Asker: 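This is the structure I have questions about; it appears just below.
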Amino acid sequence: MATYLYRIGRWAFRRRRLVGGLWLGALVLALAAAAMAPSGEEEDLSMPGTESQKAFDLLDERFPESNSQGAEARLVFQAPDGQRVTAEENRAAVQDTLGSLDGGDQVASTTDPFEDGAVSEDGTIAYSMITYTEGAVDLTASTKSALEDAANQARDAGLTVEVGGSALDSEEEPGGTTELIGVAVAAVVLVLALGSLVAAGLSLLTALLGVAIAFGLVSALAVPLGLTSTVAILALMLGLAVGIDYALFITSRFRDECARGSEPEEAAGRAVGTAGSAVVFAGATVFIALVGLGVVGIPELTKMGMGGAGAVALAVLVALTLVPALFGLFGRRVLPRAVRKAAGNVATSHDESAGDRHSIAAQPAKGLGTRWARFVLRRPVAVLMVAGLGLGAVALPTPSLELGLPGDESKSVETTQRRAYDLLSEGFGPGFNGPLTVVVDASKSADTRAAANQVVTTVRGVDGVASVGDPVLSRTKDTAILTAVPKTAPNSGETKDLVHAIRGAVSGVEADTGAAILVTGTTAMNIDISEAMSDALIPYLTVVIGLAVLLLLVVFRSVLVPVKAALGFLLSVGAAFGVLVAVFQWGWAADLLGIEQTGPVMSLMPILIIGIVFGLAMDYEVFLLTRMREAHVHGASPDEAIVSGFRHSGRVVAAAAIIMISVFAGFVGMSSPTIQTMGVGLAAAVLFDAFVVRMAIVPAVLALLGHRAWWLPRILDRVLPNVDIEGEALTRRVPAAATVPDAAAAPLPAGRHRG
């Protein structure tokens with residue numbers, strides 16, 4: 001692989017204008033396609049095979065008229081203190097407000113709360129449902145303005161009015177202040193790590209280009225593939241983080257090769273052949289883990305995985321082609337001034353032997369990475385115990401992890417949706433915001449009405465049910481639906497127990513009547529998805545760990561290194577879950593992060609974080625241990641190999657981790673609970689994995705294992721393919737001047753570049 005990538009690097013260096021033009025053309029096409037494409041819908045989560053999903057599918061078939069795809073708005077009215085909403089003047093204000101909406105553009109219907117009984121028992125709160133002919137993303141600005149004007153009209157009359165429902169939903173837009181701060185921090189870290197504004201700008205530019213293409217493609221495919229804004233934001237988040245990191249690793253290796261006296265084209269080839277090999281394997285681990293999310297069976301999770309995987313694949317392609325092409329444009333200006341001067345001195349002494357030249361330039365100064373590695377080597381047991389116990393302590397809250405799906409209750413109290421939710425809870429009880437729908441399929445029953453009435457009686461007798469509505473029959477009279485309102489809030493544990501209690505109670509009715517009875521609704525669907533996620537967590541984690549061991553077994557040709565990497569991954573993931581529980585369930589530092597409502601962790605997050613962090617953890621493992629194995633293969637002792645790995649890669653891995661943490665943390669400031677959870681979880685996981693597991697536990701374990709760390713049974717040595725991630729074949733088989741005949745391939749003089 002190293003030899004093949006070496007040739008790609010040199011080709012891209014020589015054909016820099018062609019490569020740059022192709023990527024620029026891809027960017028223009030992606031952005032043009034995104035600009036012309038219609039906006040995608042924010043679809044509800046679904047889980048094929050669950051009881052709630054089967055019920056939804058049955059409703060689509062038997063009650064097609066009640067499953068309109070149009071948006072809905074819920075206007076909630078509260079009378080002034082000491083008054084009733086049913087008072088004559090307040091009633092008139094409500095009806096005038098609804099009259100201003102009735103018959104408006106895109107309005108399908110409005111309901112009268114006084115005729116439909118949508119008034120609280122104390123008469124202080126009422127609500128009206130407004131349905132639209134179009135989905136939320138297709139509602140025009142004038143339609144939404146009319147809704148806001150109607151609410152303001154009622155407020156002017158003295159009523160408190162809040163608006164809930166999907167009509168106010170909007171796609172989460174990236175580009176807020178916190179994301180920009182994250183990118184700014186990444187830029188500063190790049191400058192400090194590379195010591196060159198040109199090199200930092202190159203890494204940032206290539207990452208942004210890859211992200212822009214990925215974001216454009218996701219936007220263009222939103223409608224045909226049903227991609228939501230969350231998919232686009234995940235692609236942006238991952239593409240930006242890994243794009244900067246991959247460019248940083250290759251640029252750092254290019255800098256090292258140039259400092260050794262290699263000509264820029266040769267340095268570009270060797271950088272792509274060595275660091276590029278690590279990028280390919282690191283990217284492959286992230287890609288496979290994200291694509292593997294499809295086995296869970298949730299369409300939205302599959303789309304998120306595919307979107308993120310596509311962004312990562314683009315980041316790898318950009319790093320392998322556009323980065324060396326930009327080396328051709330900027331030459332040694334990618335290096336710091338002091339390094340360019342030193343490289344120039346080496347390049348003017350071509351009469352030196354290759355071994356002498358290597359010895360002059362290949363001795364990096366003893367930096368923090370070297371000093372840290374030697375510290376760990378002196379005290380491996382103490383470092384291992386402190387790091388391991390520390391991560392174990394952070395992971396202690398993990399067994400308390402509760403999964404759920406956020407609704408309006410998780411939004412800021414500054415939003416009208418949250419205030420509408422609170423008013424409805426106050427007027428109609430906490431369970432009103434999460435009603436359960438009971439579907440009675442009586443196609444094999446003798447009397448649909450009798451079966452439905454028996455279900456009503458049974459459900460009313462279940463402890464925890466506040467009320468049960470009258471059954472509604474389908475046009476074909478073979479199916480009935482009824483609504484059961486819990487006494488408890490949608491995300492509470494009591495409501496989860498209630499769903500199971502109802503399902504258990506109606507089983508007797510099924511036996512008596514022959515009808516199939518299914519419990520569904522948004523609340524039941526969320527419960528089913530959360531339980532499915534919990535059930536899938538261990539199997540998915542097992543698959544990911546197994547994949548990690550196999551990949552690293554091939555890459556490092558060692559048995560113990562993959563096992564150590566997998567155990568370290570478990571520690572970092574466990575600690576990240578502990579942080580999620582502490583922040584989002586227990587409320588620790590929630591105010592600092594702008595999280596106003598605690599509750600269950602978003603049900604998709606654990607598996608999504610496992611998939612992403614697995615790939616990122618293997619990134620750091622590959623980049624750090626590649627240099628260690630390279631030194632070991634060339635005869636260094638185990639301790640010397642550890643020091644060499646930290647001398648060459650420690651600073652770069654630390655910089656890459658800080659960049660990823662900054663990018664992920666930048667998304668915590670977004671209003672979406674899903675994105676907030678993702679940002680906190682990924683930032684914490686990268687922090688623990690990079691700085692505790694890879695920087696402390698890994699060298700401590702390797703120091704204790706010594707030569708045994710690189711042991712491989714002879715049978716595996718014969719069977720496993722040699723991927724040569726260290727680029728050993730380049731030293732043996734690729735001479736410095738080897739290339740395809742090309743006039744543009746002539747070596748560049750030191751300090752100069754081609755435009």
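Keep in mind the model is a prediction, meaning the values are calculated, not measured.
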Asker: Could you please spell out the steps behind the side chain to side chain contact (heavy atoms under 4.5 Å, CB included) verdict for L293 and Y540?
Answerer: CA-CA 8 Å; L293 292 171; Y540 181 72; 3.4 Å; yes

Asker: State, yes or no, whether a side-chain contact exists between L571 and V692 at a heavy-atom distance under 4.5 Å.
Answerer: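 No, side chains not in contact.
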
Asker: Tell me whether Y4 at atom OH has more than 12 heavy atoms from other residues, nucleotides or ligands lying less than 6.0 Å away.
Answerer: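 Open: at most 12 neighbouring heavy atoms sit under 6.0 Å from OH of Y4.
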
Asker: Is the side chain of S558 donor-acceptor paired with the backbone N or O of A709 at a distance under 3.5 Å, no angle test?
Answerer: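 Confirmed, S558 side chain pairs with A709 backbone.
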
Asker: Within a strict 4.5 Å, meaning less than it, do heavy atoms of the L702 and P638 side chains meet?
Answerer: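 Not in contact.
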
Asker: Is any side-chain heavy atom of W711 less than 4.5 Å from a side-chain heavy atom of L705?
Answerer: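 Result no, sub-4.5 Å side-chain heavy-atom pair not found.
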
Asker: Side-chain contact test, heavy atoms from C-beta onward, threshold under 4.5 Å: evaluate it for V693 versus F569 and give yes or no.
Answerer: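 They are not in side-chain contact.
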
Asker: Within this structure, what is the OG1-OH distance for the pair T251 and Y246, rounded to the nearest 0.5 Å?
Answerer: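 Nearest 0.5 Å value for the OG1-OH distance: 14.5 Å.
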
Asker: So L290 and L238, side chain to side chain contact (heavy atoms under 4.5 Å, CB included) or not? Walk me through it.
Answerer: CA-CA 11 Å; L290 290 172; L238 277 178; 3.6 Å; yes

Asker: State, yes or no, whether a side-chain contact exists between L202 and F327 at a heavy-atom distance under 4.5 Å.
Answerer: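 They are in side-chain contact.
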
Asker: Please report the closest heavy-atom contact between A12 and T321, naming both atoms and the distance.
Answerer: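 Nearest pair, atom of A12 first, then T321: CB-O, 3.4 Å.
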
Asker: Would a distance-only check, ignoring hydrogens and angles, find a side-chain to backbone donor-acceptor pair under 3.5 Å from Q585 to S400?
Answerer: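 Answer holds: yes.
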
Asker: Any side-chain heavy-atom pair from V698 and I642 closer than 4.5 angstrom?
Answerer: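 No, every pair of side-chain atoms sits at 4.5 Å or beyond.
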
Asker: Is the shortest heavy-atom distance from the side chain of L704 to the side chain of P380 under 4.5 Å?
Answerer: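 L704 vs P380: side chains touch.
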
Asker: Below 4.0 angstrom, N of the basic side chain to O of the carboxylate: do E621 and K564 qualify?
Answerer: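 Salt bridge: yes.
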
Asker: For residues Y620 and R694, report the shortest heavy-atom separation together with the two atoms involved.
Answerer: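 Closest pair (atom of Y620, atom of R694, distance): CB-CG, 3.8 Å.
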
Asker: Over all heavy atoms of both residues, which pair between S572 and D689 is shortest? Give the atoms and the distance, please.
Answerer: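 Minimum heavy-atom separation between S572 and D689: OG-OD1, 2.9 Å.
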
Asker: Just so I know, are the side chains of L712 and V559 near enough to count as touching, which here means a heavy-atom distance under 4.5 Å?
Answerer: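 They are in contact (side-chain heavy atoms under 4.5 Å apart), so the answer is yes.
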
Asker: Please work out which of the three classes, parallel, tilted or perpendicular, describes the rings of H632 and H707, given edges at 30° and 60°.
Answerer: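 The arrangement is tilted - the two ring planes meet at 30° to 60°.
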
Asker: Look up atom CG in L234 and atom CG in L608, then write down how far apart they are to the nearest 0.5 Å.
Answerer: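 One gets 5.5 Å once the value is rounded to the nearest 0.5 Å.
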
Asker: Look up atom CG in L570 and atom CG in L541, then write down how far apart they are to the nearest 0.5 Å.
Answerer: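 Answer rounded to 0.5 Å: 5.5 Å.
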
Asker: Check R627 against G645 and note the closest heavy-atom contact, atom names and distance.
Answerer: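 What the structure gives for the nearest pair is CB-CA, 3.8 Å.
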
Asker: So how far is it from F215 CZ to L314 CG, rounded to the nearest 0.5 Å?
Answerer: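 If we round to the nearest 0.5 Å, F215:CZ and L314:CG are 14.0 Å apart.
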
Asker: Between D639 and R378, is the closest basic N to carboxylate O distance under 4.0 Å?
Answerer: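 So R378 does not pair with D639 through a salt bridge.
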
Asker: Please find the pair of heavy atoms, one from A275 and one from F623, that lie closest to each other, and give the distance.
Answerer: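 Shortest heavy-atom contact: O-CE2, 4.2 Å.
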
Asker: What do the steps show when you test L192 against V189 for side chain to side chain contact (heavy atoms under 4.5 Å, CB included), and what is the final call?
Answerer: CA-CA 5 Å; L192 295 176; V189 172; 5.7 Å; no

Asker: I would like to know whether R253 and R270 meet side chain to side chain contact (heavy atoms under 4.5 Å, CB included); could you show each step before the answer?
Answerer: CA-CA 8 Å; R253 189 61 183 244; R270 289 182 175 271; over 6 Å; no

Asker: Taking the side chain from S252 and the backbone from L248, do they hold a donor-acceptor pair closer than 3.5 Å?
Answerer: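 Between the backbone of L248 and the side chain of S252 there is no qualifying donor-acceptor contact (under 3.5 Å).
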
Asker: Between R629 (side chain only) and F556 (backbone N and O only), is there a donor and an acceptor less than 3.5 Å apart?
Answerer: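 Here the side-chain-to-backbone pair exists.
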
Asker: Where the side chain of W372 meets the backbone of M695, is there a donor-acceptor pair that is under 3.5 Å apart?
Answerer: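 Checked: pair present.
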
Asker: Is the side chain of R374 donor-acceptor paired with the backbone N or O of V643 at a distance under 3.5 Å, no angle test?
Answerer: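 Not a single qualifying donor-acceptor pair exists.
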
Asker: For the atom pair SG (C258) and CD (E266), what is the distance rounded to the nearest 0.5 Å?
Answerer: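 Answer rounded to 0.5 Å: 10.0 Å.
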
Asker: Which distance, rounded to the nearest 0.5 Å, do you find between the CD1 of I607 and the CE of M533?
Answerer: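 So the CD1 of I607 and the CE of M533 are separated by 4.5 Å.
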
Asker: Compare every heavy atom of G578 with every heavy atom of T398, then report the nearest pair and how far apart it is.
Answerer: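 Looking at all heavy atoms of both residues, the closest pair is OG1-N, 3.2 Å.
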
